[in-house]
Amino acid sequence: MSRVAAIAVVLLCMSVYAPVQARTIYRCVQKGTVSMATVPEPGSTCKAMTVDDNAVQTPNLWGNFGVFSGTLYEREQDGKLVYSTRNLPGSRPYLRFTVSTPPGEPAHEGLGRVGTPQLDRHARQFRAASKVTGVDDAWLRAVAHAESAFDEKAVSPKGAQGVMQLMPDTAAEYGVTDPFSPAQSIDGGARYMKSLLGRYKGDRTLAAAAYNAGIGVVARYGGVPPYAETQHYVEKVLALYARYRQAMGTGPERPAQ
């Protein structure tokens, strides 16, 4: 969800207990994911943020976004009731809410669905791109499966194109002149993924999140952004990667290049 929306959810809950003009909430990062909480979360790196109560009262706070649902959790910590958008041990659902992804963000769920590995789709191109870049063939296929279901003519609502669903600027950066050419798309996508894996020291979760939502968004949130589309996408790619590794008989997960 957007940071403002997450803040609003926590503040709406807190307003019952603390009628003040400004509140301190915490942006907490744990295992590459971000949550908002009324107190620092155990096991997370948290940063305090002060927000005026007017943020909750702003008209259309929940509008003009791509909508998804979430849950605010309640638990006891140090003898007090505290709240978080992360489901920590001992938590119980307190409030289900609908919030949003900011307009203009490239985050997307992907056109493909988790399913049976398709080993015959553009196999030669994937092998070639993997050999040149060192990026695991199974990982590239998982990304392509999630992004386009291997459809070289695919165009997403966000404007991404081809097998690897490259945005025009990214395609140009990696020398892709024909985004609908499977060979060019897979080669460009593989080289882009190689750069992401290098940036994140082999962390496939962060690399997939950046491929989906952009490097800037991952940096802004300190991990996987709390956008429904991106979180679903990352889960999808990781699940597909496991299936492709098994189907291709590659054994244990290869270290990312």
Side-chain angles (χ1 to χ4, degrees), residues 1-3 32 34 64-68 100-114 121-122 125-126 128-130 132-137 139-200 203-238 240-241 256-257:
M1 62 184 145
S2 72
R3 186 175 70 176
V34 178
N64 303 319
F65 296 98
V67 172
F68 76 99
S100 55
T101 298
E105 295 281 6
H108 56 283
E109 189 172 341
L111 302 176
R113 297 288 180 266
V114 175
R121 301 298 298 274
H122 313 301
Q125 290 88 342
F126 282 113
S130 177
V132 169
T133 62
V135 179
D136 191 348
D137 188 341
W139 178 248
L140 294 177
R141 293 179 194 240
V143 171
H145 188 137
E147 286 283 354
S148 69
F150 301 101
D151 181 1
E152 64 268 27
K153 298 180 181 178
V155 178
S156 79
K158 298 293 180 75
Q161 301 171 317
V163 174
M164 301 300 284
Q165 288 290 276
L166 298 175
M167 295 295 286
D169 288 349
T170 303
E173 179 180 353
Y174 287 92
V176 176
T177 58
D178 180 1
F180 301 110
S181 160
Q184 287 195 37
S185 181
I186 293 167
D187 177 74
R191 287 189 288 123
Y192 180 40
M193 180 57 72
K194 179 180 176 65
S195 74
L196 294 176
L197 290 169
R199 173 183 289 269
Y200 300 115
D203 188 320
R204 295 187 191 279
T205 296
L206 293 181
Y211 195 98
N212 177 269
I215 292 169
V217 174
V218 172
R220 183 162 74 243
Y221 283 98
V224 178
Y227 300 163
E229 295 92 342
T230 300
Q231 295 195 353
H232 292 165
Y233 174 89
V234 170
E235 292 174 0
K236 185 193 305 183
V237 171
L238 292 175
L240 285 165
Y241 181 44
Q257 300 296 312

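Residues take their numbers from the sequence shown, with the count starting at 1. Just so you know, these numbers come straight off a predicted model, no measurement behind them.
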Candidate pair Phe126 and Asp187, rule side chain to side chain contact (heavy atoms under 4.5 Å, CB included), full reasoning
CA-CA 8 Å; Phe126 282 113; Asp187 177 74; over 6 Å; no
Restricting to non-hydrogen atoms, name the atom on [X] and the atom on [Y] that form the minimum distance, rounded to 0.1 Å.
X: Val237; Y: Ala146; result: CG2-CB, 3.6 Å
X: Leu206; Y: Gly223; result: CD2-CA, 3.8 Å
X: Gln161; Y: Ser185; result: O-OG, 4.4 Å

Would you check if [X] and [Y] make a side-chain contact, meaning some heavy-atom pair closer than 4.5 Å?
X: Arg121; Y: Arg141; result: no
X: Val218; Y: Tyr200; result: yes
X: Leu196; Y: Ile215; result: yes

For [Y], does its backbone N or O pair with a side-chain atom of [X] as donor and acceptor, under 3.5 Å?
X: Lys153; Y: Phe180; result: no
X: Lys194; Y: Gly134; result: no
X: Gln184; Y: Thr177; result: yes

Using the side-chain hydrogen bond (donor to acceptor under 3.5 Å, both in side chains) criterion, which residues pair with Arg220? Sequence neighbours excluded.
Glu105, Tyr227
List the atom pairs, with distances to 0.1 Å, where a side-chain N or O of residues 164-172 and a protein N or O form a donor-acceptor pair under 3.5 Å, not counting sequence neighbours.
unit_1, atom_1, unit_2, atom_2, d
Gln165, NE2, Ala154, O, 3.1
Gln165, NE2, Gly162, O, 2.9

Going by the angle between their ring planes, with limits at 30° and 60°, are Tyr241 and Trp139 parallel, tilted or perpendicular?
perpendicular
Classify the ring geometry between Tyr192 and Tyr174 as parallel (under 30°), tilted (30 to 60°) or perpendicular (over 60°).
tilted
Please step through side chain to side chain contact (heavy atoms under 4.5 Å, CB included) for the pair Val224 and Gln231, ending with a clear verdict.
CA-CA 7 Å; Val224 178; Gln231 295 195 353; 4.1 Å; yes
Would you mind telling me which of Val135, Asp137, Ile186 makes a side-chain contact (heavy atoms from CB on, under 4.5 Å) with Ser130?
Asp137
Of all pairs that satisfy side chain to side chain donor-acceptor pair (under 3.5 Å), the ones with a partner from residues 142-152, not counting sequence neighbours
His108-Glu147, His145-Tyr244, Glu147-Tyr233
Between [atom1] on residue [X] and [atom2] on residue [Y], distance to nearest 0.5 Å:
X: Asp203; Y: Leu197; atom1: CG; atom2: CG; result: 9.0 Å
X: Ser181; Y: Gln125; atom1: OG; atom2: CD; result: 8.0 Å
X: Met193; Y: Arg199; atom1: CE; atom2: CZ; result: 13.0 Å

